[in-house]
Asks: 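Here it is: the structure, laid out below.
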Amino acid sequence: MAILLALAALAGLGLGSQPPPGLLEGLGLLALGALARRRPADWLPLAALVGVTAAVLLARGAVLPDGLLREDLAIQGRLVEVTEEERLTRLTLAVSDCHPLAAARPACERLRRVRLSAFEAPPMQPGEHWALTVRLRPPAGFANPHTFDYEAWLWREGIQATGYVRHEPPPQRLAESAPGLREHALTHLEGRALPPRAERWLAALTLGAGDRLTADDWALLNASGTTHLMVISGLHVGLVAGFALLLGRGAARLATPGGWRLAVWPWWMAGVAAAGYATLAGLEPPALRALVMALIGLWVASGRHAPGPWQGWWLALAVVLAIDPLSAWRPGLWLSFLAVALLILAWQGRPRPRGVRGWLWALVRTQLLLAPLMAAAVLLAFARLAPAAPLVNLVAVPVVSSLLVPLGLLGWLLAPLPPLSALCWWLFAHLSEALARGLEAAVAWLPLWLPEPALVTPLALCLGLMALLWVLPGLAAPLRATGSLALAAVALSLAPAGIPPGQLEVRVLDVGQGQLVELRTAGYRALYDAGPRFASGFVPVSVLWPPGQRFDEVIVSHDDIDHAGGVALLAERHRVGRFLAPPGEEIGVPFAACRRGDSWERDGVRFRFLWPPEETAALSSNDRSCVLEASVGGQRLLITGDVGRRVERAFLLEAEAPVTLLVAGHHGSQTSSGPQLVQWLTPRQVVYSAGRRNAFGHPHDEVVRRFRGAGSCQWSTALDGALTFRLGGEAGRVVESTRPLPWRRGGVGADCLALESP
């Protein structure tokens, strides 16, 4: 039954995410069939299939309609989360009412959860009810290799629209918040004299307040492979349940020495303690998942009419997916269940450890077995590898589980006795600081590695097979050792495919309504433009690469904020050989001038500027843009910045035709890509670097038709995400960034784009 339920829930996820024709009719027939059944074994799997499919379909259908884009909406709801960022306040709102202010607009009453930005907002607290006037847009995010997928995060968090709060009419508080136990606990914690990092970690470990962790905290945890220790997970809920079970069984042994082994109430006590702790932590999806797994684990361990370990595993998966179907898109769910499955394989049929030495060896063995499989799973989920994780977790797991979590929870239990509570948290602060310093040292020794995309799957496969060699029962030790050495040799032999001399890799990154192009040869790396800076202060370039990257040159076409917004961050966090920009511009850092006729060659690729001229005083900022041409063999790249048609005609005769790849001028605006340029250059590939659903209508329909008439294949970062082209050698080929939510993609796969903006 447990396996059938889990498989039914998984089938529901597939049907809901990729609905075939006639799905609703089929679900109706299945529901009627389920109602006609009398035995739970007959109708429960059908109910799980129908319920999960319906939940995913409803989540898909609740996304903000495109017809409400840039429309004023009146919404009311409860603040779920409030985060202050200088003048900006980030809000997550559980919507109770929504309607457009203008007549004859689509309805928005299906919205249930939105994420908002409020500039210079009045003081707001979680739990308060507010009436707001907002402008929303459907969930969207940038799609770039090796980066956080914001759109996928919005989806799995159930956020159906994002936007900002309007100042007129002003926001109105409808009801004050009624702080719960968790909010009182966080307030109490803020009044303690704890170091900032210790306070953040204590809130995260004991109250599930992961939002208190800073970006530096998350970067350290990711790089050391210890993120799983700093969120409310099965480890923490299991510790609470295990401690309560030990107390209960100890009390039962004292009360009934002859029959304490048969006492049921200690198991119930452990379940109640686990539920109470998860509730205190806010019952967010990770805590809810951990609670379900802990409760079923207690049932399995009790042995009272209980399922076996594998039945319990399948049952927990079915229950979690039935309660929260969107959790299937959270990598944490699959990492948790994969880890538990490996533990079952590793320990099923083995004797229970005895004595301190036995338990220490059990801990070391478990961590060594988990390390390669978890590394493989993290590689597939996040395309990153923490080389320090296996060694770090050998120390961090026992420190966190045996010392930090017990000390943190004991401090809360002793809160009525402030001196004892302060002592526990003083010890917690010193231990957490020592652990943090150890993690920093480990990361400095073995930093986080972001492998090339082509290496992710082979490396993950090698690590996964290595873990299975040591976990699967019945294999001879020589086979395990020989197989592991062979897999390690294969993994070490994998090398990223470098760019051979005589080829140019061009990656047009997805940075919204702005432009950033990365150019690479065998030994040369440059950027054309630095992407935008948004009103919130967010700079997309901040999430594209880890700090410390080397760029030989950064060419800034001109000083508009959508082209030069990331210059300051590039200068601060990365090593830039030199900046180039047009004469007369101000980009905030010293730069050399780009001038018509300047040229250089790297690894068989020739670069030269076609514009601007020596004298630029009479030109607008857009028309001063550095126009870059790169040639390799018979193929050419041309990037024109924001120059207008008049300037295009001025340098057109100097450009070599035809062009293999053109980054369309001014994001596809009607002011650029004039008929003469299109007819003379006849570009084979055209890319529009534009924001999704941008307010300017880029690319303009006239420009799209003009390139279509020239036979150009057209792409847009707004629809296709980051695009990578390889020039030189073979004909230029395109590698497309894949979005994880196919029904939200607006791209056209391998076909040529021929869409006109509204």
Side-chain angles (χ1 to χ4, degrees), residues 1-64 110-113 138-139 149 151-160 234 283-293 295-296 299 307 310-341 377 380-381 738-745:
M1 172 60 76
I3 296 176
L4 283 176
L5 284 173
L7 293 178
L10 291 171
L13 292 172
L15 290 173
S17 59
Q18 298 287 342
L23 175 61
L24 294 179
E25 292 80 358
L27 288 178
L29 292 175
L30 286 175
L32 290 175
L35 291 174
R37 302 287 186 176
R38 295 185 178 181
R39 295 186 307 162
D42 293 328
W43 60 264
L44 272 180
L46 290 175
L49 173 67
V50 173
V52 172
T53 305
V56 176
L57 286 174
L58 288 173
R60 287 184 56 192
V63 173
L64 183 80
R110 297 174 70 179
L111 288 181
R112 289 294 174 263
R113 198 176 179 96
D149 195 320
E151 183 175 355
W153 179 83
L154 291 172
W155 160 254
R156 60 180 179 255
E157 293 299 315
I159 295 172
Q160 296 139 354
L283 268 186
E284 291 297 320
L288 180 62
R289 177 178 69 243
L291 175 61
V292 170
M293 298 176 77
L295 292 178
I296 293 178
W299 184 22
W310 283 114
Q311 290 175 311
W313 188 89
W314 284 105
L315 180 61
L317 179 62
V319 172
V320 170
L321 293 178
I323 294 174
D324 182 16
L326 297 189
S327 65
W329 282 268
R330 295 187 180 97
L333 178 137
W334 303 109
L335 292 175
S336 296
F337 276 93
L338 192 62
V340 172
L380 291 175
T738 303
R739 296 178 186 270
L741 305 176
W743 60 86
R744 292 213 187 155
R745 285 194 73 248

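Keep in mind the model is a prediction, meaning the values are calculated, not measured.
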Asks: If you look at every heavy atom in Arg289 and Ser336, which pair is closest and at what distance?
Replies: NE-OG, 3.4 Å

Asks: Indicate the atoms forming the closest heavy-atom contact of Thr53 with Gly12, along with that distance.
Replies: OG1-CA, 3.0 Å

Asks: Would you indicate whether the side-chain heavy atoms of Pro139 and Val63 approach each other to under 4.5 Å?
Replies: yes

Asks: Check the pair Trp314, Val319 against side-chain contact (heavy atoms from CB on, under 4.5 Å), reporting the backbone distance first and the verdict last.
Replies: CA-CA 9 Å; Trp314 284 105; Val319 172; over 6 Å; no

Asks: Any heavy-atom pair between the side chains of Ile3 and Trp310 that's under 4.5 Å?
Replies: no

Asks: With rounding to the nearest 0.5 Å, note down the distance linking CZ in Arg156 to CG in Asp149.
Replies: 7.5 Å

Asks: Look only at the side chain of Trp334 and the backbone of Ala328, and say whether a donor-acceptor pair between them is shorter than 3.5 Å.
Replies: yes

Asks: If you take all heavy atoms of Val52 and Pro325, which pair is closest and at what distance?
Replies: CG1-CB, 4.1 Å

Asks: What's the shortest heavy-atom distance between Gln160 and Arg110, and which atoms?
Replies: OE1-O, 4.0 Å

Asks: So Trp153 and Ile159, side-chain contact (heavy atoms from CB on, under 4.5 Å) or not? Walk me through it.
Replies: CA-CA 9 Å; Trp153 179 83; Ile159 295 172; 4.1 Å; yes

Asks: Of the non-hydrogen atoms in Leu333 and Ser327, which two are nearest, and what is the gap between them?
Replies: CD1-OG, 3.3 Å

Asks: Between Leu317 and Ala6, what is the shortest heavy-atom contact and its length?
Replies: CD2-CB, 4.3 Å

Asks: May I ask you to decide whether Glu157 forms a salt bridge with Arg330, counting only side-chain N to carboxylate O separations under 4.0 Å?
Replies: yes

Asks: I would like to know whether Met293 and Phe337 meet side-chain contact (heavy atoms from CB on, under 4.5 Å); could you show each step before the answer?
Replies: CA-CA 9 Å; Met293 298 176 77; Phe337 276 93; 4.1 Å; yes

Asks: Would you indicate whether the side-chain heavy atoms of Trp299 and Leu315 approach each other to under 4.5 Å?
Replies: yes

